[in-house]
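Have a look at the structure below, then the notes.
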Amino acid sequence: MIAPATKALAATPGRIPVAVLFAVHGAINGSFATRIPWIRDRLDLDPGALGLALLAPALGALVAMPPAGALVHRRDGRTVTGVLLAAMAVAVLGPVLAPSYALLWLALLVFGALAGAADVAMNTQAVALEERAGRPLMSGLHGAWSLGGMAGSLTGVAAAHADVDARVHLALVATLLLAVTGVVARKTPRGVDRSEGPHLAWPSRPVLIIGLVGFGAVFAEGACADWSAIYLRDVVDAGPATAAAAYTAFAAAMALGRLRGDRVVARAGPVATVRGGGALAAAGALTVVVASTPPVAIAGFALVGLGIATVVPLAFAAGGRAVPHAGQGIAAVATVAYGAGLAAPGIVGAIASAASLPAAFAIVATLCVAFAAGAGALRTSRAGSRTGSAA
């Protein structure tokens, strides 16, 4: 399983450095997520205040993504990506150093903005790399992000278990990842078109539709991430450890799907891959809806993770090829798609309050069918590109 993937990785110049940068981004996010309870306890935040504070990173990302697309277009993509990732690594210290709620909110806003901008920059690098290779690479690169996130979360869990101060833990993480970024960023391809064009542009209709395809997948991801453990506790009467396994199964299945996804895309193409993934994710969500035992519900969440695994990577790749300047297309798709990260928790909670959690996941199944139906929007190519779609 691993050897062929490693061989393919080495066969594409520049892919390993870009994959490492994806993993760095994931590791920063994973490390931070594990220390949110420490921040809550330090500032004595109630659930409402914490929830409001955790909106700040998403808002920061949504604001920063469009100008990041323009920045990558106007400047050398290699330098922009390295600088933004380095700044993100430093900014992760802001929330754990914040002495008050107001400063916490500001620190989270800055962290989210840098994370979103770095996300656009590294995905633009990935699109350029795909075009050079002439074959799908995006899913595997997002798989590297997932592996980095899992590694960061595991180190964070170990640090929390050992009662290591979050400021010390994240300072060590930031130092290590800064060093890695400094070494690796110089080895990535420059890879973006810096010809003249608009600094910011309203996304075209095709790009908006691509973003809505990504929106459906991100909504399903947010619903599973935020509600899977609660679903198992409240609906199928699972214990705490079993309930926690639901998200683990979802995340592991998504990571596996991304790592193997490029081969599927190479054989079936992006449109068929997203359609099949949407059908699989919808089947998983419906399995969750009808589940009466924890194993069945956990299997359903795993199917959702596997089904949506390649959708966001393929949406980014299609957005980058749908317009002359990849960074702007990716920024537009990311802004629309990641809006689901803001919407999903509240919508699922509202439906659960008005009806039930199974009813909410029936809506998730419907969205999975919807993004599968819109998969034809991913059949795009860059104007003037000789290679067209990487698939």
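Along the sequence shown, the residues carry numbers beginning at 1.
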- Query: Is the centre of the Tyr231 ring less than 6.0 Å from the centre of the Tyr247 ring?
  - Reply: no
- Query: Quick one: CG on Leu109 to CG on Leu114, what's the gap to the nearest 0.5 Å?
  - Reply: 10.0 Å
- Kindly indicate whether the side chain of Asp119, heavy atoms from C-beta on, has any atom under 4.5 Å from the side chain of Phe316. yes
- Task: Indicate if Met122 and Val90 have the same hydrophobic cluster label, given that clusters are the connected sets of ILVMFWY residues with side-chain heavy-atom separations under 4.5 angstrom.
- Result: no
- Message: Filter on ring pair (Phe, Tyr, Trp, His ring centres under 6.0 Å), then keep only pairs touching residues 112-134, sequence neighbours left out; what's left?
- Response: none
- Note on the structure: Nearest heavy-atom approach of Ala243 to Ala238 is N-CB, 4.2 Å
- Going by atom types only, do His169 and Asp165 share a side-chain donor-acceptor pair under 3.5 Å? no
- Query: To the nearest 0.5 Å, what is the distance between OG1 (Thr366) and CG (Leu286)?
  - Reply: 7.5 Å
- Does the side chain of Ser139 pick up a donor-acceptor pair with the side chain of Arg258 at under 3.5 Å? no
- With a 4.5 Å heavy-atom cut-off, do Leu93 and Phe32 have their side chains touching? no
- Query: Taking atom CG of Asn123 and atom CG of Leu129, what is their separation to the nearest 0.5 Å?
  - Reply: 12.0 Å
- Query: Should Leu141 and Gln125 count as side-chain neighbours, where that means a heavy-atom distance under 4.5 Å?
  - Reply: no
- Task: Just jot down the ring-ring contact (aromatic ring centres under 6.0 Å, His included) partners of Phe215, sequence neighbours excluded, or say none.
- Result: none
- When rounded to the nearest 0.5 angstrom, what distance separates CD1 in Ile298 from OG1 in Thr242? 6.0 Å
- Is the closest side-chain heavy-atom distance between Ile39 and Leu50 below 4.5 Å? no
- Message: One thing to verify: whether Arg15 and Asp262 come together as a salt bridge, which I'm taking to mean a side-chain N less than 4.0 angstrom from a carboxylate O.
- Response: yes
